[in-house]
Amino acid sequence: MSTETLKDAYTGFFKGSEMVGSYKTLRPTYPKELAKRIVSYVKDKPGVVKLAVDVGCGSGQSTHILSDYVDQVLGVDLSEDQIKYANNSTPPSNVNFKVGSCGDIPVETGSVDLITVGTAIHWFNLDDFYKEVDRVLRPGGCLAIYTYNGTQIEHREEDKNKSINDLLTKFEDRVLGNNRPPSHWSKIFCGENTFCELELPYTDTKRDASLSIKSERSVASLVELIKSYSESKEFLRKHTDGNKSFIELQNQIMSVLNSNGNTADESPITLVLPLYVSLARKPE
């Protein structure tokens, strides 16, 4: 997919205060352990971590976690609405946000110690991005690309745990899998929740698939999260009655839980999103 087509799709998807606000509310926060591991990788070799740039930052979920470990953090996103929302959300004092893109990062050449991409790489033209990464990273600087893939839950009762995760897997295969462009996960993941060959621009690399995001939310919020995925938006665009599929999924989960008369908004569930991390270091 061309860069311009990706830009049009991205800006069209993340447009308007309602969409941006729901994205901030529904999308999970990354664990601080992720930031610790990334910064530790940068510090494996001599050099400080003064400036980090989070590309495709959205409303700042992956940007804020760096603030305790890096002197200055810049979040960059193509969506003006996302950047406006991020700047108005009282970020930490060492975090700022600017409009930019994967092929046009608004910083000086060789000025960046760390570039991060949190669940956004599927929107990028990799050739354009990697050229820009090589321009802005200092020698020895690092690139960290991470994403979550495969919505799962944890439940204390094993049979319910399996039944609900089977429902989620089948739903994602049917609804999400059929609405992903060629540039999406197909080149990043293979098999079931297996991290594999995302092309990286440097040979000094490291892969990590040992972390996950865990959060407590309601069944209704879980379904709304899935509904917020770009693939779901594409499914809804193609099918005027597509919302019925999400209602059906919610009802199926509630049936498994047997929530004693509680509504989907009142029924808690533990969301688990496996994290996959790729790290690469620019030659010194």
Side-chain angles (χ1 to χ4, degrees), residues 3 6-7 30-79 82-83 86-87 91-147 188 195 197-209 211 275-284:
T3 301
L6 284 169
K7 283 183 178 180
Y30 297 92
K32 286 201 170 185
E33 179 61 26
L34 172 63
K36 288 181 183 179
R37 292 193 189 185
I38 290 171
V39 173
S40 176
Y41 176 75
V42 182
K43 292 182 176 180
D44 278 348
K45 294 190 176 181
V48 295
V49 190
K50 291 185 177 180
L51 176 60
V53 179
D54 183 31
V55 185
C57 66
S59 47
Q61 285 93 330
S62 65
T63 317
H64 290 178
I65 63 167
L66 296 168
S67 63
D68 288 340
Y69 310 100
V70 182
D71 291 351
Q72 293 293 321
V73 186
L74 174 65
V76 173
D77 200 278
L78 191 61
S79 167
Q82 289 273 43
I83 292 300
N87 276 320
S93 60
N94 63 335
V95 175
N96 294 287
F97 296 92
K98 290 183 179 179
V99 173
S101 71
C102 67
D104 185 15
I105 301 172
V107 295
E108 295 180 2
T109 298
S111 65
V112 179
D113 303 293
L114 170 65
I115 293 176
T116 61
V117 182
T119 313
I121 195 68
H122 52 286
W123 291 107
F124 292 4
N125 179 295
L126 287 183
D127 290 338
D128 291 348
F129 177 53
Y130 287 160
K131 286 177 185 176
E132 188 69 345
V133 166
D134 200 54
R135 180 186 73 82
V136 304
L137 274 182
R138 64 163 171 83
C142 295
L143 169 66
I145 300 171
Y146 45 94
T147 189
I188 302 173
F195 190 58
E197 296 178 1
L198 167 64
E199 177 188 353
L200 294 169
Y202 307 120
T203 57
D204 182 348
T205 64
K206 183 178 180 180
R207 312 275 179 166
D208 187 351
L211 292 174
L275 273 173
Y276 304 93
V277 186
S278 285
L279 303 168
R281 187 185 307 274
K282 182 177 178 177
E284 297 189 57

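Counting begins at 1 with the first residue of the sequence.
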Residues Phe129, Val117; criterion side-chain contact (heavy atoms from CB on, under 4.5 Å); working and verdict
CA-CA 11 Å; Phe129 177 53; Val117 182; 3.5 Å; yes
CZ/Arg281 to OG1/Thr205 distance, rounded to the nearest 0.5 angstrom?
11.0 Å
How far apart are the closest heavy atoms of Val99 and Pro106, and which atoms are they?
O-CG, 4.0 Å
Can you confirm whether Val136 sits close enough to Val53 that some side-chain heavy atom of one is under 4.5 Å from a side-chain heavy atom of the other?
no
For Tyr130 and Glu199, indicate whether the former's side chain and the latter's backbone hold a donor-acceptor pair under 3.5 Å.
yes
Which pair of heavy atoms, one from Glu132 and one from Cys102, lies closest together, and at what distance?
CB-O, 3.5 Å
Do Ile65 and Leu34 pass the side-chain contact (heavy atoms from CB on, under 4.5 Å) test, and can you show the C-alpha distance, the side-chain angles, and the key distance before you say yes or no?
CA-CA 8 Å; Ile65 63 167; Leu34 172 63; 4.2 Å; yes
Non-hydrogen side-chain atoms of Gln61 and Thr119 separated by less than 4.5 Å:
no
Enter the distance from Ser111:OG to Arg135:CZ here, rounded to the nearest 0.5 Å.
7.5 Å
If a pair satisfies salt bridge (Lys or Arg N to Asp or Glu O under 4.0 Å) and one of its residues is in residues 106-125, list it, with sequence neighbours excluded.
Asp113-Arg138
First locate atom CG of Leu114, then atom CG of Leu143, and finally report the distance between them rounded to the nearest 0.5 Å.
8.0 Å
As an exercise, state the distance from OG of Ser59 to CZ of Phe97, rounded to the nearest 0.5 Å.
8.0 Å
Between Ala120 and Gly56, the two heavy atoms sitting closest are CB-O, 3.7 Å
Between Ser278 and Arg207, what is the shortest heavy-atom contact and its length?
OG-NH1, 2.9 Å
Looking at side-chain heavy atoms only, is the closest gap between Phe124 and Val55 below 4.5 Å?
yes
Hey, what do you get for OG1 (Thr109) to CG (Asp134), rounding to the nearest 0.5 Å?
10.0 Å
Taking side-chain contact (heavy atoms from CB on, under 4.5 Å) as the definition, give me every residue that meets it alongside Pro92, ordered by chain and number, with sequence neighbours left out.
His64, Ser67, Asn94, Val95
Between atom CG of Leu198 and atom CD1 of Ile121, what is the distance when rounded to the nearest 0.5 Å?
6.0 Å
Which salt bridge (Lys or Arg N to Asp or Glu O under 4.0 Å) pairs, counting each pair once, include a residue from residues 44-70, with sequence neighbours left out?
Lys32-Asp68, Lys45-Asp204
For the pair Tyr41 and Asp208, evaluate side-chain contact (heavy atoms from CB on, under 4.5 Å) and give the outcome as yes or no after the intermediate values.
CA-CA 11 Å; Tyr41 176 75; Asp208 187 351; over 6 Å; no
Within the structure provided, determine whether Leu211 and Glu33 are in side-chain contact (heavy-atom separation under 4.5 Å).
yes
For residues Ala52 and Leu66, report the shortest heavy-atom separation together with the two atoms involved.
CB-CD1, 4.2 Å
Just so I know, are the side chains of Lys282 and Tyr202 near enough to count as touching, which here means a heavy-atom distance under 4.5 Å?
yes
Over all heavy atoms of both residues, which pair between Asn87 and Asn96 is shortest? Give the atoms and the distance, please.
OD1-C, 4.4 Å
Pairwise side-chain contact, Cys57 with Ile83, heavy-atom cut-off 4.5 Å (strictly under):
yes
